[in-house]
Amino acid sequence: MKMKQLTALVLAGMMILPAAAVTADDSAVEAIKAKGKVVMTTNAEFEPFEFKDGDEIVGIDKEIAEKIAEKLGVELEITDIAFDSLIPSLNAGKADFIAAGMTATDERRKNVDFSDDYFNASQTIIVAADSDIAGREDLDGKVVGVQQGTTGDIYCTNEDGSGDINVKEVKRYPKGMDAVSDLMTGRVDAVVIDDFPAQKLVEKNPDKIKTLDEAMTEETYAIAVPLGSDLVDVINEVIKDLNESGEMDKIVGKYISTEEE
Ligand code: GLN
């Protein structure tokens, strides 16, 4: 409820102001407990971290989010939106945290606070099974598909000046899956995307596409909260508990097979 509506209700004598609401502006945790629910926002197109099983959103991030809700003693609600809308939506107050395989970058740190890291990742190249592209240097002059607004996009477009490849064109897609469809029909020469989602995409079409071994970046995933939100302390406790109890490995193991092929 908006503060104005709340004030109106209190003035109208329709409700007694709960103690938690008084401190809601300062403490996100108190406000969440008062509401009885915590809202995670994500882009559920990123298997194994978040994806749809029928109507349900499942995946590693969802399971971590459930533990966060459990720790807070509230219900978990999930909103599924475009990846590049996640930070604006969080900062518009529409969610309490982002769990979306999101890489903690310095650029994003200007707009959100990140929890401790919970996963190491890298950008990977997917190409057609018969492609002669064998590594990043072969991407020079090629058309590359990426998921819009992701670190793969930033790397390939060389937005932050850190890129070391010189592609001909970057095509941006709302979903990694759409970039892969265009790869399979020859509209792009390669797709650059996070390593585990790349693996999952290739598993669905093993005859047509493959991943290259090269890890192009070193990244770590973290959960984002609005700047200054005290929710980050609860999230960090949950991550620590999951790591120490071995539960994090179990969650990850449910979705990622670590067996060598
Ligand atoms: N890790 C990448 C990023 O943070 C991609 C995340 C995603 O597509 N969900 O930009």
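These values consider heavy atoms only, across backbone and side chains, with no hydrogens, waters or symmetry-generated copies. Just so you know, ligand 1 is whichever comes first in the structure, and atom 1 is the first atom listed for that ligand.
Nearest protein heavy-atom neighbour of atom 9 (N) of ligand 1: Ala100 O, 2.8 Å. Atom 6 (C) of ligand 1 has as its closest protein heavy atom Gly101 O, 3.2 Å. Atom 8 (O) of ligand 1 has as its closest protein heavy atom Gln147 OE1, 2.8 Å. Of the protein's non-hydrogen atoms, Asp194 OD2, 2.6 Å is the one closest to atom 1 (N) of ligand 1.
Side chains of Tyr221 and Asp61: a donor-acceptor N/O pair is absent below 3.5 angstrom, by distance only.
Under 4.0 Å is where a charged nitrogen must lie from a carboxylate oxygen, and between Lys240 and Asp116 no such pair does. Note on Lys62 versus Glu66: salt bridge recorded, some NZ/NE/NH1/NH2 to OD/OE distance being below 4.0 Å. Between Asp189 and Lys168, no side-chain nitrogen of the basic residue sits less than 4.0 Å from a carboxylate oxygen of the acidic one, so the salt-bridge criterion is not met. Looking at Lys52 and Asp80, a side-chain N of the basic residue comes within less than 4.0 Å of a carboxylate O on the acidic one, giving a salt bridge.
Those atoms of ligand 1 that come under 4.0 Å of a heavy atom in Tyr221, given as number and element, are 1 (N). Proximity to Met102 (heavy-atom distance under 4.0 Å) selects the following atoms of ligand 1: 4 (O). Each of the following atoms of ligand 1 lies closer than 4.0 Å to a heavy atom of Thr150: 5 (C), 8 (O), 10 (O).
For a threshold of 3.5 Å applied to N or O pairs, the pair formed by Thr151 and ligand 1 contains at least one separation below that value.
Looking at Arg136, its side chain never comes within 3.5 Å of a backbone N or O of Ile165 through a donor-acceptor pair.
Taking OG1 of Thr211 as the start and CG of Asp195 as the end, the distance is 9.5 Å to the nearest 0.5 Å.
Residue contacts with ligand 1, taken as heavy atom pairs separated by less than 4.0 Å, do not involve Gln123 at all.
Look at Glu45 and you'll find every heavy atom at least 4.0 Å from all atoms of ligand 1.
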